[in-house]
Asks: 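A single structure is presented below for examination.
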Amino acid sequence: QSTWGVKRAAVRKLEHELGIPASELATGSFKFLTRLHYCAKDVLTHGPDSPWGEHEIDYILFIQLNNQPSFEDQLKRVNQEEVRDIKYVTFPELQQMMQPSTGLLWSPWFQIIAKKFLVHWWFDLKET
């Protein structure tokens, strides 16, 4: 199965949401990791009987950039209508941040990825 279209969409979204210019993202450098099919009700907004939510198939891609801007410069590039905040964290910091006691909210798809996949991918980025 070809993921060429998915990779092209990733380039568009990274530019639109994070402000990373397409010229810095070689489509061929993306590595397809997996697909994720999930359903999640929007119970936070509409309660436990919510008719609204997400039912998606998401493609998980990986890319490492050689010339990364400073954190402050990257923060200036993000689309504030799409991204609320960015932060560099270690894996233990991320695990701590995802504890329910923090009160932080995470998208359903990211919760699945963090719990099921990141634990394996994070520690061996060259092989990921």
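Values in this document were obtained by computation on a predicted structure and should not be read as measured data.
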Asks: Nearest 0.5 Å, please: how far is CZ in F32 from CD1 in I60?
Replies: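 Between I60 CD1 and F32 CZ, I get 8.5 Å after rounding to 0.5 Å.
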Asks: Please find the pair of heavy atoms, one from P69 and one from Y88, that lie closest to each other, and give the distance.
Replies: O-OH, 4.4 Å
Asks: Is there a side-chain contact between Q111 and M98, using heavy atoms and a 4.5 Å cut-off?
Replies: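 Answer yes - side chains close enough.
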Asks: Check this for me: E81, atom CD, are more than 12 non-hydrogen atoms of other residues, nucleotides or ligands nearer than 6.0 Å?
Replies: no
Asks: Can you tell me how far apart CG (L44) and CG (L105) are? Round to the nearest 0.5 Å.
Replies: 5.5 Å
Asks: Kindly determine whether L61 and L33 satisfy side chain to side chain contact (heavy atoms under 4.5 Å, CB included), including the steps that lead there.
Replies: CA-CA 6 Å; L61 306 173; L33 299 178; over 6 Å; no
Asks: Please confirm whether the backbone N or O of E93 pairs with a side-chain atom of Q96, one donor and one acceptor, at under 3.5 Å?
Replies: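 No.
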Asks: For residues 113-123, please give each side-chain donor-acceptor pair under 3.5 Å, one per line with the distance, not counting sequence neighbours.
Replies:
none

Asks: What is the minimum heavy-atom distance between C39 and H55, and which atoms define it?
Replies: SG-CD2, 3.1 Å
Asks: Is F110 reachable from L104 through a run of hydrophobic residues whose side-chain heavy atoms are each under 4.5 Å from the next?
Replies: yes
Asks: Quick one: closest heavy-atom pair of F30 and K7, and the distance?
Replies: O-NZ, 3.2 Å
Asks: Are any of the side-chain nitrogens in E24 or R77 under 4.0 Å away from the carboxylate oxygens of its partner?
Replies: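 Judged by the 4.0 Å cut-off on N to carboxylate O distance, E24 and R77 do form a salt bridge.
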Asks: Are the side chain of K13 and the backbone of R8 linked by a donor-acceptor contact shorter than 3.5 Å?
Replies: no
Asks: Taking all non-hydrogen atoms of both residues into account, name the closest pair between M97 and T102 and its distance.
Replies: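 Looking at all heavy atoms of both residues, the closest pair is O-OG1, 2.9 Å.
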Asks: Any chain of hydrophobic side-chain contacts (each under 4.5 Å) joining V89 to W106?
Replies: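 Yes, same cluster.
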Asks: Hey, is the main chain of A40 close enough, under 3.5 Å, to the side chain of E54 for a donor-acceptor pair?
Replies: no
Asks: What's the separation between atom CD1 in I112 and atom OH in Y38, rounded to the nearest 0.5 Å?
Replies: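 Reported to 0.5 Å precision, the distance equals 7.0 Å.
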Asks: The test is side chain to side chain contact (heavy atoms under 4.5 Å, CB included); show your working for E17 and V83 and say whether it passes.
Replies: CA-CA 7 Å; E17 294 180 7; V83 178; 4.2 Å; yes
Asks: Under 3.5 Å, is there a donor-acceptor pair linking the side chains of S107 and W109?
Replies: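 Side chains of S107 and W109: pair found under 3.5 Å.
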Asks: Just by distance, no angles: are the side chains of E82 and H16 close enough, under 3.5 Å, to form a donor-acceptor pair?
Replies: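 H16 and E82 do have a side-chain donor-acceptor pair below 3.5 Å.
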Asks: From Q99 CD over to L94 CG, what is the distance, rounded to the nearest 0.5 angstrom?
Replies: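 CG of L94 is found 10.0 Å from CD of Q99.
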Asks: Let's go through I63 and L65 carefully: what are the C-alpha distance in whole Å and the side-chain angles of both, what is the deciding distance for side chain to side chain contact (heavy atoms under 4.5 Å, CB included) to 0.1 Å, and is it a yes or a no?
Replies: CA-CA 7 Å; I63 189 170; L65 302 177; 4.2 Å; yes
Asks: Pair D58, R35 - check side chain to side chain contact (heavy atoms under 4.5 Å, CB included), show working.
Replies: CA-CA 6 Å; D58 292 338; R35 285 187 312 188; over 6 Å; no
Asks: Between the side chain of K31 and the main-chain N/O of F62, is any donor-acceptor distance below 3.5 Å?
Replies: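 No, the answer is negative, given that no donor and acceptor are paired below the 3.5 Å cut-off.
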